[in-house]
Protein chains: 2
Amino acid sequence: MGKAIVRLKDIADRTGFSVNTVSLALRQSPRIPAETAQLIREAAEALNYLPNHVAKSLVSRETKTIGLVLTDITNPTLTHVAQAIELALAERGYSTLFATSNNDEAEEKRVIEMFRSRQVDGMLIYPRSHRELDHIRRLRKANYPVVLLVADPDAGIDAVCVDERRGAYRAVRHLIDLGHRRIGIIDGAHRLGNREKQDGYRQALDEAGIAFDPAWLVDPAGHSVVSGYQAMDQLMAAPKRATAVFAANDTLAIGALRWTQKQGLRVPQDVAIIGFDNIEFAEHAATPLSSINYAVAEVTALAVDRLLSLIAASDQLPEPCISLIDPDLIVRESTLAATPA
Amino acid sequence: MGKAIVRLKDIADRTGFSVNTVSLALRQSPRIPAETAQLIREAAEALNYLPNHVAKSLVSRETKTIGLVLTDITNPTLTHVAQAIELALAERGYSTLFATSNNDEAEEKRVIEMFRSRQVDGMLIYPRSHRELDHIRRLRKANYPVVLLVADPDAGIDAVCVDERRGAYRAVRHLIDLGHRRIGIIDGAHRLGNREKQDGYRQALDEAGIAFDPAWLVDPAGHSVVSGYQAMDQLMAAPKRATAVFAANDTLAIGALRWTQKQGLRVPQDVAIIGFDNIEFAEHAATPLSSINYAVAEVTALAVDRLLSLIAASDQLPEPCISLIDPDLIVRESTLAATPA
């Protein structure tokens, strides 16, 4: 990992000045003549030296601030995590700044760059794509402390994640154990290349010898209640109707539940529904929703510990570590005692 | 307003250096000898000169970043506003950084100070208290661009707010018009001194000649679904049971609705329920909830316009302007056709 890192010594070697002079110049010390500082800054730029690296190497310039990048500030699971992280970091003496990418690639790059230029001591990131991570990998290679909150196990970047594939597998396996064979899935994440939940769904079907029917997969227009409602319109129009539905998040599941109410269908007798994340509204829905628990406290504790240990590591970061949390199945009335047709 | 503002000229006058030297010194220019810079910085400090003022006065140092302070990142109304503001500011070329006070006074002061020290060009703030605003008034007096998103009309600080008193009045007036005389209120905001919703409730009762019964006012432990559920336990234990409930937000109202389901009571026939904010989950609750609409788009447009006009104002801010938005009543099944006992 280390070979790409530019150190103060590299700039000193290139310019002929001492490491101390280089350090002072990059800190804009008035003790360094303007022309010297200019030469040193040009060399630093040519070597692609990261300014934040300077901040990190100088204890006095630590900002005691962490940047947290969310994909969507209206997602109740993400804001729940954001609050828990903010409180945990405050206990450790750090402030938290939030920014959102709105699931847009250019925005994600822009907010990461904004945090870097404001010299936060490290970042926690929900990346838009679990796989297109080159822009974040570059930060890591430059020894910048960053921890992802969802990622591919091969990311090459520290990550603490709820295992979405495993969670989806558990949800669908639960429906199969209840006797369901025609199981729909409402999930739009694969559009961004994030296939984990769909993979878990397919794995559970495969293991049970159930052939996948493309009509069972519905891509909702968004992740709101209304999107879930509309996705059910489409899913339940299929000739061989699903008897159970796995929604990729609880908000979509609440929309699906609302659809069954309007149609006069009983849950779980006519259609079983399970969501993902276990948000508060799931437990208190018209029919309490089964879900996969997003372990907020565990994600928070592991991610904060990991980020602070990366920040504490001087100069050279340890090898990346990916922590995958195997999520619990929460069974409630929406799947309990389902009797499929 | 202007007399409290310290200008570069004041520091120049005090130290005997030119305005240009003072400006360069405060920008840490290497052209200024260290001792001179030290003298100037000490004078700036003694005069309580705001560093951000420096940034503001130098076009080249505008950060094109706005800080948004939320009281609670898990409140769906606030995050909805936060997202809308972020998108509106992005269109105008600004990035948005978010921070939360978690309704804590010391935290609120800390995050405001953090934003100021990071030289965001301006701030939008949901203050914890609508009245204890001295720390924010100080920023305003120092010509720092700040717009509150909830406040007392006498705040003396620019503000764009949904009129909570008027909204609460409309909600309770609606219940009275339906024939209700025993109307409960679930609201914890007055604990922070934020009495607007309770005032609107009392005003509607007064106008209808209904004497207020203290047993009708329940302070929930928080603002979650569970808090609303528990508040109903307390409210409905009163000897003369309320036939209608006004909850200060929709999440509490959903908890109240859940309580009626568990008790086998019909909504609105046995108890009518109305919330506040008109979040998406309200429309899609087990019984669609009546609510007072929080005009997200209007708050966003007015607040962003106002903040950017303050930022554009050179040196001297215009007089503070308070915009109060009179919110609409949204009637749904939870109050429709109510027939009070």
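The sequence lines fix the lettering, A, B, ..., with proteins before strands; numbering per chain opens at 1.
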For [X] and [Y], indicate whether the former's side chain and the latter's backbone hold a donor-acceptor pair under 3.5 Å.
X        : Y        : answer
A:Asp121 : A:Lys64  : yes
B:Ser101 : B:Glu107 : no
A:Ser334 : A:Ile273 : yes
A:Asp104 : A:Ala106 : yes
B:Glu108 : B:Pro127 : no
A:Thr65  : A:Thr63  : yes

Evaluate the criterion side chain to side chain contact (heavy atoms under 4.5 Å, CB included) for residue pair B:Glu280 and B:His80; output intermediate values, then yes/no. CA-CA 10 Å; B:Glu280 196 188 20; B:His80 198 167; over 6 Å; no
Using a cut-off of under 4.5 Å on heavy-atom pairs, state which of A:Leu70, A:Ile73, A:Asp72, A:Asn102 scores highest against chain B.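 Of A:Leu70, A:Ile73, A:Asp72, A:Asn102, A:Ile73 has the most heavy-atom pairs under 4.5 Å with chain B.
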Top of A:Ser95, A:Ala82, A:Ala90, A:Pro33 for chain B proximity - count of heavy-atom pairs under 4.5 angstrom: A:Ser95
Using heavy-atom distances under 4.5 Å, tell me whether [X] contacts chain B through its side chain, its backbone, both, or neither.
X        : value
A:Val111 : neither
A:Ala99  : both
A:Glu283 : backbone
A:Gln83  : both

Does anything in residues 250-258 of chain A reach chain B? List residues with heavy atoms under 4.5 Å apart, or say none.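 At a heavy-atom separation under 4.5 Å, chain B is reached by A:Thr251, A:Ile254, A:Arg258.
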[X] versus chain A, heavy atoms under 4.5 Å apart: side chain, backbone, both or neither?
X        : answer
B:Leu87  : side chain
B:Thr287 : neither
B:Thr96  : backbone
B:Ala285 : backbone

Electrostatic pair A:Arg110-A:Glu113, nearest N-O below 4.0 angstrom: no
Less than 4.0 Å between a side-chain N and a carboxylate O, is that true for B:Lys109 and B:Glu105?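 Yes.
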Which residue out of B:Thr74, B:Asn75, B:Leu78 racks up the most heavy-atom pairs below 4.5 Å with chain A?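 Looking at each of B:Thr74, B:Asn75, B:Leu78 in turn, B:Thr74 comes out on top.
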Could you check whether A:Gln234 and A:Gln230, counting side-chain N and O atoms only, form a donor-acceptor pair closer than 3.5 Å?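 Per modelled atom types, A:Gln230 and A:Gln234 side chains form no pair under 3.5 Å.
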Listed once per pair and sorted, the salt bridge (charged side-chain N to carboxylate O under 4.0 Å, His left out) pairs that draw on residues 79-96 of chain A, sequence neighbours left out: A:Arg92-A:Asp305
